[in-house]
Asks: 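Dropping the structure in here first, questions after.
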Amino acid sequence: MRIVSSAPGKVILSGEHAVVYGEPAIVAAVQMRTRVFVKEGRKESKARQHNNLIESVLSVISEQAPGVKTDKIVIEVETTLPIGSGLGSSASLAASIVGGISAYFHLGWDREKINDVTYLAEKMVHGNPSGVDNTAVVYGGLLRFERGMQGEANILQNLTVHKILQKIWLIDSGKPEETTGEMVGQVREQYIKNPVVMTDYFARIGSISRTLQYDLEHDKFSPDWIGENERLLEQLGVVGERAKKIIADIEKLGGYAKVCGAGGVKSGSGVLLAYHPDDAKFEQWLRSRGYTYFQDHIGGEGWRIDA
Ligand code: MEV
C-alpha cells in the first residue's frame with residue numbers, strides 16, 4: 001500500500017509575531033504544496049534534507065498513537081515550496097506526514113486531530129509557535145486565526161478570497177540564517193525587556209489585521225496596510241538590511257512590500273509579500289533586478305489525501 005498525502009504552504013498577510021501574543025492574523029494557504037509518499041519499507045528515507053523534521057514528526061505521532069510502527073515505513077518527500085523562507089514549509093511537511101500516517105495506519109484522525117498533532121510537531125521544532133502555520137496548511141483557503149490565550153480555544157474563521165489578493169507577489173529576499181523558533185525567541189527577548197512598547201506594537205499589528213479583515217469582507221482594498229505592517233515588523237527587529245533595501249526600492253517604485261513570516265536579520269528575511277498597482281511594470285522591474293519572484297494563487301486547498 002502507498003498513501004500520497006499533501007498540504008500547501010502558507011503566506012501571512014498580516015499578524016506574524018503579534019499572533020504569538022494573542023493578536024489576530026490573516027493568513028492564506030498558497031498553491032505550492034509538499035507531497036509525501038508513505039509506503040512500506042526499510043527506514044532509509046530518501047528525504048535526507050528533511051530528516052530531522054521527519055524524525056520529530058514521527059516521534060510526536062508515536063506518542064499520540066503508540067501502536068503505530070513508524071520503523072516499518074518509508075517516507076519520501078516532494079515539495080515545490082522554498083524551504084525555511086516564511087512560506088510554511090515545515091508545517092506543510094509536518095501536516096502531510098501526520099495526515100499520511102493517519103491514512104496509512106487507518107487511525108481515523110479527522111482534520112482537527114491532524115491539526116492538533118501537526119501543532120505538537122511544530123512545537124517540538126519551533127518552541128512556542130502560535131499555531132497559525134499548521135492551521136493555515138491543514139484547513140487551507142484564507143483565514144483569520146487568533147491564538148487562544150490562557151487555555152482558551154484558538155479562533156478560526158474562513159474568509160472569502162478577494163480577487164485583488166491574486167495580484168500579490170512573493171519575492172525572495174534570501175533565506176534567513178535564523179530559524180522561526182530563533183526569531184520568535186528574539187522577539188520574546190525584546191518583549192521581556194520592553195513589555196509596554198512591544199505590547200503596543202503587537203496591538204497595532206492586530207488592528208491592521210482587523211482592518212484588513214473588514215476590508216476584505218466589504219470588498220474594499222487599500223494596500224497601505226502592507227507598509228504599515230512592515231514598519232511595525234522592523235520595530236520588532238525581524239527585518240534584515242537586505243530586505244529593508246528591497247522594500248525601500250519597491251516603495252520608491254510606487255509599490256508596497258513586507259516580510260511575511262518569521263523574518264531574519266543576519267542575512268535574508270525570507271519571502272516578501274508585495275503589491276504594485278501596475279503588474280506589468282513591476283514584473284519588468286523585478287526581472288531587471290534579477291530577483292526570484294512568483295505570483296501564486298492565494299487560497300490553496302488545505303491538507304488532503306491525493307492517492
Ligand atoms: C511564522 O510563520 C509566524 C510567526 O508568527 C510564528 C508563529 O506564529 O508561530 C512568526
Side-chain angles (χ1 to χ4, degrees), residues 7-30 32 34 53 56 81-95 115-116 118-140 142-149 154-156 170 172-173 175-191 198-199 201-206 208-209 212 229-230 232-240 243 258-265 268-273 296 298 300 302:
K10 66 94 213 324
V11 54
I12 296 183
L13 303 184
S14 170
E16 51 274 88
H17 289 292
V19 69
V20 175
Y21 298 82
E23 295 292 342
I26 307 297
V27 61
V30 293
M32 288 176 280
T34 302
L53 183 55
S56 305
L81 280 162
I83 310 295
S85 292
L87 292 184
S89 57
S90 78
S92 168
L93 176 57
N115 192 34
D116 289 348
T118 305
Y119 176 67
L120 294 175
E122 284 277 279
K123 240 172 130 174
M124 184 172 250
V125 178
H126 297 307
N128 177 30
S130 63
V132 67
D133 288 13
N134 52 280
T135 303
V137 309
V138 170
Y139 288 92
L142 176 68
L143 302 171
R144 170 206 173 108
F145 174 87
E146 211 173 306
R147 179 184 206 180
M149 304 303 277
N154 297 335
I155 298 172
L156 178 59
L170 300 173
D172 187 10
S173 79
K175 195 174 156 137
E177 273 180 44
E178 304 90 339
T179 63
T180 295
E182 283 164 356
M183 293 311 296
V184 169
Q186 284 187 24
V187 172
R188 166 75 58 193
E189 277 168 31
Q190 296 302 321
Y191 172 71
M198 292 295 275
T199 302
Y201 293 149
F202 298 147
R204 283 155 68 182
I205 292 175
I208 292 173
S209 298
L212 176 61
N229 203 328
E230 168 58 24
L232 288 161
L233 289 167
E234 289 174 11
Q235 300 289 351
L236 297 187
V238 299
V239 188
K258 69 176 272 288
V259 157
C260 66
V265 284
S269 304
V271 168
L272 306 178
L273 170 160
D296 191 7
I298 298 286

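One-based numbering, in listed order, for ligands and for the atoms of each. Everything numeric in this text was worked out from a predicted model, so none of it was measured.
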Asks: Just how far is it from atom CG of Leu170 to atom CE of Met32, taken to the nearest 0.5 Å?
Replies: 6.0 Å
Asks: Looking at residues at least two apart in the chain, or sitting in another chain, which of them share a side chain to side chain contact (heavy atoms under 4.5 Å, CB included) with Arg188?
Replies: Tyr21, Asn128, Tyr191, Ile192
Asks: Output the list of atoms in ligand 1 that are nearer than 4.0 Å to some heavy atom of Val184, sorted by atom number.
Replies: 6 (C)
Asks: Using a strict cut-off of 4.0 Å, indicate which atoms of ligand 1 neighbour a heavy atom of Val132.
Replies: 8 (O)
Asks: Side chains of Leu232 and Ile208, heavy atoms from C-beta outward: is any pair under 4.5 Å?
Replies: yes
Asks: Relative to the heavy atoms of Glu16, which atoms of ligand 1 are at a distance of less than 4.0 Å?
Replies: 5 (O)
Asks: Ignoring angles and geometry beyond distance, decide whether His17 reaches within less than 3.5 Å of ligand 1 through its nitrogen or oxygen atoms.
Replies: yes
Asks: Using a 4.0 Å cutoff against the non-hydrogen atoms of Ile12, which atoms of ligand 1 qualify?
Replies: 2 (O), 3 (C)
Asks: Suppose I only count heavy atoms of Val19 and a 4.0 Å limit; which atoms of ligand 1 are within that range?
Replies: 5 (O), 8 (O)
Asks: Working to the nearest 0.5 angstrom, can you tell me the gap between Leu53 CG and Ser89 OG?
Replies: 8.0 Å
Asks: Within a distance under 4.0 Å of any heavy atom of Lys10, pick out the atoms of ligand 1 and give their elements.
Replies: 2 (O)
Asks: Keeping Glu178 on the side-chain end and Val265 on the backbone end, is there a donor-acceptor pair under 3.5 Å?
Replies: yes
Asks: Atoms of ligand 1 less than 4.0 Å from Asp133 heavy atoms?
Replies: 1 (C), 2 (O), 3 (C)
Asks: With atoms numbered from 1 as shown, which atoms in ligand 1 lie under 4.0 angstrom from a non-hydrogen atom of Pro129?
Replies: 9 (O)
Asks: Decide yes or no for Glu16 and Ile205: does some side-chain heavy atom of the first lie under 4.5 Å from some side-chain heavy atom of the second?
Replies: no
Asks: Taking atom NE2 of His17 and atom CG of Leu233, what is their separation to the nearest 0.5 Å?
Replies: 7.0 Å
Asks: Could you pull out, from Ala136, Ser130, Gly270, the option with a heavy atom nearest to atom 9 (O) of ligand 1?
Replies: Ser130
